[in-house]
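Okay, so here's the structure we're looking at.
As the structure is a computational prediction, the values presented were derived from the model and not from experiment. To find a chain, count down the sequence lines: A is the first, B the second, and so on, and within it residues start at 1.
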Amino acid sequence: MNQHPDTAGASRPVPASDAPTSIAARAMASLRPQGSPYLEGLNDEQRRAVEATDGPVLVLAGAGTGKTRVLTTRMAHLIATAKARPFDILSVTFTNKAAREMKHRIGALIGPAGEGMPWLGTFHSIGTKILRRHAELVGLRSDFTILGMDDQLRLMKQVIVDQNIDEKRWPARALASAIDGWKNRGLLPEQVPPGEAGAFAFGKGGALYTAYQARLLTLNAADFGDLLLLCLKLWRENPDVLENYQQRFRYILVDEYQDTNVAQYLWLRLLAQGHRNVACVGDDDQSIYGWRGAEVDNILRFEHDFPGATVVRLERNYRSTGHILAAASGLIAKNEGRLGKTLRTEDVPGEKVTVAGAWDSEEEARQLSEAIESLQAKQHPLSEIAVLVRISAQMREIEDRFVQLGLPYRVVGGPRFYERAEIRDALAYLRVTQNPSDDLAFERIFNTPKRGLGDATLQILHGYSRSQGVPLLQAARLLTETDELKPRARSGVRALVESFSRWARMVGTKPHSEVAQTILEESGYTEMWQKDKSADAAGRLENLKEFVRSMEEFPDMAAFLEHVSLVMEASEQEGADRVSLMTLHAAKGLEFDTVFLPGWEDGLFPNQRALDESGRAGLEEERRLAHVGLTRARKRAKLSFAVNRRIHGLWSSTVPSRFIDELPPGSVDVIDAPAHFSAGASRFDRNPTPFGSSYGTPGWQRAQAATANTGNFGSTPARNPANRGSGPRQIEGELIAKSTGAPSAFSVGMRVFHTKFGPGDVAAVDGNKLTVDFDKAGQKMVLDSFIQAA
DNA sequence: TATACTTCTATTTTT
DNA sequence: TAGAAGTATA
């Protein structure tokens with residue numbers, strides 16, 4: 001497996017003279033990559049990053065510089081040069097999506113030899129794999145369950161109540177985030193600094209953490225944090241086990257290193273101490289998950305942690321045109337804590353980044369949609385357009401507008417399939433069937449659908465379960481033999497217990513998806529939703545069907561449950577030409593021809609809360625987020641801000657984001673204002689245009705000054721509603737005209753014409769919003785400004 | 001058990 | 001403001 005003729009992938013004819021070559025040997029050869037064609041097309045830095053195989057390597061890969069390509073090529077290279085076999089390489093990512101993508105690309109690179117790299121996966125999936133092998137060393141059984149967020153919260157609630165703490169004052173959520181934080185930092189209960197452990201519930205934080213961990217062990221369960229934390233514990237307490245893994249992983253590769261938290265860092269460092277061949281790829285300028293424990297420091301400190309490390313910078317960007325890159329680079333240069341990279345492109349300068357102001361968020365949404373429609377008219381595919389917002393609350397107005405216009409869109413990263421209530425319920429039934437001691441799952445569906453079993457019954461079960469030291473289901477079974485339960489409750493409990501016994505017997509005798517189907521029917525769960533007449537019941541039934549269907553892809557129920565607990569993903573159907581709408585966080589790793597970035601206002605972006613909670617570091621992370629947003633765009637980036645926005649139901653006047661002024665003026669075009677400020681429903685068309693042709697000019701300054709002294713509606717003046725209308729300012733007039741729904745020029749029954757939907761009849765009037773029955777397009781809500789009397 | 005009313009809260013979110 | 005979650009009431 002050592003020598004590879006450097007024939008650069010040319011197909012080798014079978015040499016007729018080479019008689020001894022056995023068929024098997026030829027078949028083996030076909031598995032081997034031929035030459036190193038995979039290195040072709042890499043630029044110098046990329047090639048260096050691939051070929052620096054030994055010792056610690058840090059690859060600083062800016063946005064769009066071919067990071068994944070380097071990572072996958074590096075693996076291919078290791079295998080092709082026989083430095084490592086697929087199972088010698090540990091390769092970690094953060095998301096399942098990234099892991100999948102990488103597997104796929106390696107397969108394409110080196111063919112079947114690369115398939116089934118057993119140690120390519122997320123931190124959590126690999127942690128799970130290791131933990132299952134040595135579970136008993138950390139007090140678990142190898143079939144431990146992995147808890148989702150909701151199970152975690154339910155468990156913490158119990159722990160809090162057990163310790164006689166007022167669950168109202170000290171909500172489970174707060175405890176969860178404290179414990180999560182500790183776990184992210186690799187701290188076991190006894191390692192939490194005393195000062196911090198005392199922070200929760202009058203000094204009980206540490207005790208609660210201890211109690212929570214103990215409960216997890218008795219339930220034979222682990223939460224997400226444990227999947228890494230318990231590996232650390234395992235290795236610290238069992239050096240022989242650690243050494244085994246250190247030897248096993250000859251090469252370690254880490255994707256998105258800037259997102260690692262302390263626990264992950266420690267995890268990697270322990271493993272890397274074997275061969276010291278650790279390559280981390282990341283971009284400090286794209287670290288946007290500090291709030292959930294990621295430590296930019298990990299990447300900033302790499303050279304210190306791994307002395308003699310090779311550092312390779314990938315700065316040649318293959319994604320964006322010149323002005324976009326210049327804008328992104330200029331902005332991120334304002335950050336102080338960074339390793340420093342300068343992105344270059346050989347692409348054309350292209351279009352400048354545009355900045356547009358709007359009167360309020362509604363108008364901003366309108367402008368944005370119009371811009372999308374005009375791109376659409378020029379044959380720009382909608383699937384190449386994205387709208388990236390800072391907070392999900394911004395999505396509503398934009399969606400409303402899209403719906404009004406009939407513009408197809410999809411929200412990326414919404415509620416996840418496996419987190420929906422009906423799916424979790426179904427899952428709970430399966431979990432109890434599979435594992436009768438899964439108390440959390442049992443509790444979840446104990447009275448769902450309603451079987452007349454309430455809190456009182458549950459308390460009795462709990463008490464009995466505890467005193468007898470048996471799981472809830474077992475306790476329930478035993479209790480039906482006694483007369484501790486009232487007759488009605490007893491029959492309910494008995495029916496449930498018997499059902500579970502019956503279902504458990506079915507497992508293995510029938511295909512598991514069929515078992516699931518039966519369980520959902522016999523338990524009355526499906527029926528519950530069929531009877532439900534609320535609007536989303538049909539969707540939920542549909543989800544349940546999809547759920548059962550998706551089980552068929554797995555060999556057995558256990559495999560399915562493992563998949564689900566680790567891979568919380570919605571099955572997404574692709575294909576349709578739609579605009580993508582998502583948060584900036586969700587956009588990391590994606591790219592689009594045209595990107596809209598609304599809501600660039602101080603307070604929203606940079607977000608006030610980030611500023612308050614993390615100060616300078618918070619501001620820098622927000623700036624990185626802005627940088628991520630801009631670098632998603634290949635050809636067009638369109639920023640906008642609104643001068644008025646409703647925050648928590650109150651109108652506030654806002655100031656353009658400080659980030660706008662940090663952009664290099666030469667790469668930015670300010671969109672002239674008149675179009676925006678007079679467009680649509682404004683009744684104040686006479687307003688002087690507050691924005692000049694170029695920001696930084698007096699006109700721009702004036703605009704900022706004007707918005708600044710408008711006063712803040714959200715604070716003092718607005719607190720008293722009576723004051724609201726008394727101000728002399730036009731902004732208030734405008735706002736009130738909108739918020740109170742001033743009389744429209746249209747009335748019900750009127751015949752009207754819409755530029756897009758054609759003729760129709762007004763069905764309802766609500767301020768400037770009309771519901772119109774269009775002759776062709778059906779009933780739609782539209783703004784009166786798009787309507788003429790016909 | 002269903003419904004109406006009150007209270008609370010309000011970034012970003014993967015595994 | 002608006003949605004969820006919890007509480008009161010019939």
Regarding [X] and [Y], does a basic nitrogen lie under 4.0 Å from an acidic carboxylate oxygen?
X: A:Lys531; Y: A:Glu527; value: yes
X: A:Asp151; Y: A:Arg444; value: no
X: A:Glu295; Y: A:Arg185; value: no

Sugar-phosphate, base or nothing in reach of A:Gln152, heavy atoms under 4.0 Å: nothing

Sugar-phosphate, base or nothing in reach of A:Gln394, heavy atoms under 4.0 Å: nothing

May I have the distance from [X] (atom [atom1]) to [N] (atom [atom2]), rounded to whole angstrom?
X: A:Lys588; N: B:dT11; atom1: NZ; atom2: P; result: 22 Å
X: A:Arg173; N: B:dC8; atom1: CZ; atom2: P; result: 18 Å
X: A:His585; N: B:dT12; atom1: NE2; atom2: C1'; result: 4 Å
X: A:Arg396; N: C:dT1; atom1: CZ; atom2: C1'; result: 8 Å
X: A:Leu581; N: B:dT12; atom1: CG; atom2: C1'; result: 15 Å
X: A:Leu228; N: B:dT15; atom1: CG; atom2: C1'; result: 9 Å
X: A:Met149; N: B:dT12; atom1: CE; atom2: C1'; result: 14 Å
X: A:Trp600; N: B:dT11; atom1: CH2; atom2: P; result: 20 Å

Between [options], which nucleotide gets closest to the side-chain atoms of [X]?
X: A:Arg609; options: C:dG3, B:dT15, B:dT11; answer: B:dT11
X: A:Ile391; options: B:dT15, B:dT12, B:dT13; answer: B:dT12
X: A:Lys450; options: B:dT13, B:dA2, B:dT11; answer: B:dA2
X: A:Ala586; options: B:dT13, B:dT11, B:dA2; answer: B:dT13

hbond_proxy A:Arg390 side chain to B:dT12 base (donor-acceptor, 3.5 Å cutoff): yes

Most 5' of A:Leu625 and A:Leu453 on DNA chain B, judged by nearest nucleotide: A:Leu453

Pi-cation contact, A:Tyr289 with A:Arg292 (under 6.0 Å, within 45°): yes

Within 45° cone and under 6.0 Å: A:Arg132 NZ/CZ vs A:Phe144 ring: yes

B:dT11 glycosidic torsion: syn (within 90° of 0) vs anti: syn

[atom1] spacing across the pair [N] / [M], given as an integer number of angstrom:
N: C:dA2; M: B:dT13; atom1: C1'; answer: 22 Å
N: B:dT12; M: C:dA5; atom1: C1'; answer: 23 Å
N: C:dG6; M: B:dT11; atom1: C1'; answer: 24 Å

A:Ser392 side-chain N/O to B:dT12 phosphate OP1/OP2 under 4.0 Å: yes

Under 4.0 angstrom between A:Asn607 side-chain N/O and B:dT12 OP1 or OP2: no

Audit row: A:Glu362, A:Arg646, side chain to side chain contact (heavy atoms under 4.5 Å, CB included) steps and yes/no: CA-CA 10 Å; A:Glu362 197 183 317; A:Arg646 204 159 35 185; over 6 Å; no

